[in-house]
Protein chains: 2
Amino acid sequence: MPAVSDCTEMLDSETKAVETPEDHAEELRLWLRLLTCTTLVEGEVRGRLRQRFDVTLPRFDLMAQLDKAPDGMTLSDVSKRMMVSNGNVTGLVERLVESGHLDRRTSETDRRVQVIRLTKLGRAEFRRMAAEHETWIADLFADLTPKDVRELMRLLAKTKASAQKSAARRRP
Amino acid sequence: MPAVSDCTEMLDSETKAVETPEDHAEELRLWLRLLTCTTLVEGEVRGRLRQRFDVTLPRFDLMAQLDKAPDGMTLSDVSKRMMVSNGNVTGLVERLVESGHLDRRTSETDRRVQVIRLTKLGRAEFRRMAAEHETWIADLFADLTPKDVRELMRLLAKTKASAQKSAARRRP
DNA sequence: CCAAATTGTTTTAAGCCTAAAATGTTTCCC
DNA sequence: GGGAAACATTTTAGGCTTAAAACAATTTGG
């Protein structure tokens, strides 16, 4: 092979991104598989929550956030944690206050802020649901070895960081 | 160590599931991380589709299914592939037919069945969007090495199989 | 053949969700 | 102090989503 080949290859690889569209089929497949897994588990959890406890998944998720915050959270905290829009939280909270699971009060130091907490009823019901929920998840992931789980945790952490970085690049 | 210890351990592990609640915190964390990754990527893709092409993610997903099926698909095919409810597809298709992206006709051999296809416009627009979409995904997963991608594919395949098995156990 | 079960789709009712605009409140800083 | 910017929440308009019931057409098993 002639000595110039390295140079040619360099030029090729430098111009490749411009001249020939890169192949990202693998990443695309990965994304679709990730989505499939999530949809599968989510659908299963949604159905079981409805059948066993007549509760929706978003309500359960919101209560899960509040269970971890005994002193309550503001609506924007919840919104950020759940990665949903503000307006979405407003409606969700409204319904859960209505049903007696949540307590909502205006902060005394900042009248813009609404602080929400689980009521005694809300906490009791959530704990009951969460215990069973945990066994569903364990069952859904039952075929993964502890090593699989560790490895997935690691790779998904990397995935999350990558996606966050990419999102930040676009919206600095 | 006495010879009976094996026996004791066996009994312990057999009764453990009944007497002491198992710890499934790791699986739970894995599920939450999986959900976070998906939500992150999905939100990013949704936003870019809206800004760049003024199209919603579900519409894009539906067109993606049809692009892979030049001879068209029935509504239930689409519903199964997308893992959404029948009624959902009905509405989605309605809007895409209205906007001229889809063609819908009743099957000649089975009058229950509706076959939908991309129109020329629909296919052209989808191809345009898909090309850019692929670069977004590549960018979102950019920090993963090819090995990471392979390993994730493998572990998510296992995860998918596990979840499907669990779902089938409950709904045989 | 024909009733019953099955299959494919639509309808219904309710809730979820988003982006963007509007409203009210606080902070910043000149 | 006072106006502008920033922040927290709600409202709005539109679309997405589901489960369940209803409807229509086909297949199946006596």
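Heavy-atom basis, side chains included; hydrogens, waters and symmetry copies ignored. Everything numeric here is computed off the predicted structure, so don't read it as measured data. The chains referred to below are lettered A, B, ... by the order of the sequence lines, with proteins before strands, and numbering in each begins at 1.
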May I ask you to say what Thr74(A) touches in the nucleic acid, namely base, sugar-phosphate or nothing, with a heavy-atom cut-off under 4.0 Å?
sugar-phosphate

Rounded to whole Å, how long is the line connecting atom CG of Asp54(B) with atom C1' of dA20(C)?
14 Å

side-chain N/O Thr56(A) vs dC16(C) OP1/OP2, d < 4.0 Å:
yes

Length of the CD-C1' vector between Gln51(B) and dT18(C), whole Å:
13 Å

Measure CD/Gln114(A) against P/dG24(C) and give the value in whole Å, please.
14 Å

Please state how far atom CD in Glu94(B) lies from atom C1' in dG14(D), giving the value in whole angstrom units.
15 Å

What integer distance in Å separates Glu42(B):CD from dC17(C):P?
11 Å

Under 4.0 Å between a side-chain N/O of Ser76(B) and OP1 or OP2 of dT9(C), yes or no?
yes

Measure CZ/Phe60(A) against C1'/dC16(C) and give the value in whole Å, please.
17 Å

So does Arg48(B) pair up with Glu44(B), basic N to acidic O under 4.0 Å?
yes

Could you tell me whether the side chain of Ser79(A) and the main chain of Val84(A) form a donor-acceptor pair under 3.5 Å?
yes

Can you confirm whether more than 12 heavy atoms, excluding those of Arg81(A), are under 6.0 Å from its CZ atom?
no

State whether the side chain of Thr119(A) and the backbone N or O of His101(A) hold a donor-acceptor pair below 3.5 Å, judged by distance alone.
yes

In plain terms, say whether Glu98(B) and Arg95(B) are close enough for a salt bridge, that is, a side-chain N and a carboxylate O under 4.0 Å apart.
no

Would you list the atom pairs, donor with acceptor, under 3.5 Å between side chains in residues 71-78 of chain A and any protein atom, with sequence neighbours excluded?
from     : atom 1 : to       : atom 2 : distance (Å)
Thr74(A) : OG1    : Asp77(A) : N      : 3.1
Thr74(A) : OG1    : Asp77(A) : OD2    : 3.3

Along nucleotides 17-28 of chain D, 5' to 3', which nucleotides get a B, which get an S, and which get a -, given that the test is a protein heavy-atom distance under 4.0 Å?
SBSS----BS--

Could you pull out every donor-acceptor pair under 3.5 Å between side chains of residues 137-149 of chain B and any protein atom, sequence neighbours left out?
from      : atom 1 : to        : atom 2 : distance (Å)
Asp139(B) : OD1    : Arg169(A) : NH2    : 3.0
Asp139(B) : OD2    : Ser166(A) : OG     : 2.7
Asp139(B) : OD2    : Arg169(A) : NH2    : 3.2
Asp143(B) : OD1    : Lys165(A) : NZ     : 3.4
Asp143(B) : OD2    : Lys165(A) : NZ     : 3.0
Thr145(B) : OG1    : Lys147(B) : N      : 3.4
Thr145(B) : OG1    : Asp148(B) : N      : 3.0
Thr145(B) : OG1    : Asp148(B) : OD2    : 3.3
Asp148(B) : OD2    : Lys158(A) : NZ     : 2.5
Asp148(B) : OD2    : Thr145(B) : N      : 3.1

Measure from CG on Leu62(A) to P on dG15(C) and round the result to the nearest Å.
16 Å

By nearest atom, which of the nucleotides dT10(D), dG15(C), dC16(D) is closest to the Arg59(B) side chain?
dC16(D)

Nearest-angstrom distance from the residue atom CD of Glu98(B) to P of dC16(D):
13 Å

